[in-house]
Amino acid sequence: METTVASVQGAYFLTTGLWPIFSIRTFMMITGPKTDLWLVKTVGAVLGVTGAALLVAGLADQVTQALVLLAVGSAAALAAADVIYASRKVIAPVYLLDAVLEAALIVWWVAALLL
């Protein structure tokens, strides 16, 4: 089951990471206006690379402890940022949807590791 979680999270991170790089206009239509576009694209690039690594590891059945730490830690960091900054009205409330998805990924990882 770890390979499935890694692959799904990898695809999600890769897609959401590349989105602002390839279409900042549509990204901001959904997530709201941004001032530092270079930062949005930099975070997107890091998220995309993380997603690619998760996807490759999942598809190759090479899910290691280090990869699990990367996956769960990344999801937790993103969820925390989503909740903190959406609650402070720094970012749009739509980011709370991402927080829910990140939390679901964490729960899925825990279930996969315990079963």
Side-chain angles (χ1 to χ4, degrees):
M1 181 158 47
E2 293 96 344
T3 58
T4 302
V5 186
S7 296
V8 169
Q9 185 174 356
Y12 178 61
F13 277 22
L14 182 61
T15 302
T16 57
L18 294 180
W19 182 15
I21 294 169
F22 288 102
S23 182
I24 192 70
R25 183 184 58 78
T26 61
F27 182 78
M28 290 192 304
M29 284 173 54
I30 302 299
T31 63
K34 310 287 186 261
T35 54
D36 292 327
L37 299 185
W38 69 269
L39 182 57
V40 175
K41 291 180 179 186
T42 300
V43 171
V46 171
L47 195 56
V49 170
T50 302
L54 290 167
L55 187 57
V56 168
L59 294 175
D61 194 20
Q62 295 180 344
V63 177
T64 64
Q65 289 179 334
L67 188 93
V68 173
L69 176 60
L70 177 66
V72 173
S74 297
L78 290 168
D82 290 339
V83 170
I84 291 167
Y85 293 108
S87 67
R88 293 180 183 172
K89 300 186 186 329
V90 174
I91 58 177
V94 72
Y95 281 95
L96 294 174
L97 175 59
D98 182 66
V100 170
L101 295 173
E102 301 296 349
L105 286 167
I106 293 168
V107 169
W108 196 5
W109 273 113
V110 170
L113 294 169
L114 294 177
L115 297 178

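Looking only at side-chain heavy atoms (C-beta outward), V90 and Y95 stay at 4.5 Å or farther from each other. Using a 4.5 Å heavy-atom threshold, the side chains of V40 and D36 count as separate. For the pair T42/W38, a side-chain contact is recorded, criterion being any heavy-atom separation below 4.5 Å from C-beta on. By the 4.5 Å heavy-atom criterion applied to side chains, T31 and I91 are not counted as neighbours. With a 4.5 Å cut-off on side-chain heavy atoms, I21 and L18 count as touching.
Put simply, CH2 on W109 and CG on L69 are 11.0 Å apart, with the number rounded to the nearest 0.5 Å. Atom OG1 in T4 sits 8.0 Å away from atom CE in M1 (nearest 0.5 Å). Taking OH of Y12 as the start and OG1 of T15 as the end, the distance is 9.5 Å to the nearest 0.5 Å. In this structure, CD1 in I24 is found 5.0 Å from CG in L37, a value given to the nearest 0.5 Å. The CG atom of L54 lies 12.5 Å from the OG1 atom of T3; values are rounded to the nearest 0.5 Å. Distance check: W19 CH2 to L47 CG gives 12.5 Å after rounding to the nearest 0.5 Å.
Tracing side-chain contacts under 4.5 Å through hydrophobic residues (I, L, V, M, F, W, Y), one never reaches L96 starting from V107; they form parts of separate clusters.
Under 3.5 Å, the side chains of W108 and Q9 contain no donor-acceptor pair of N or O atoms.
A donor-acceptor contact shorter than 3.5 Å links the side chain of S87 to the backbone of I84.
The two residues L67 and A6 make their nearest non-hydrogen contact at CD2-CB, 4.1 Å.
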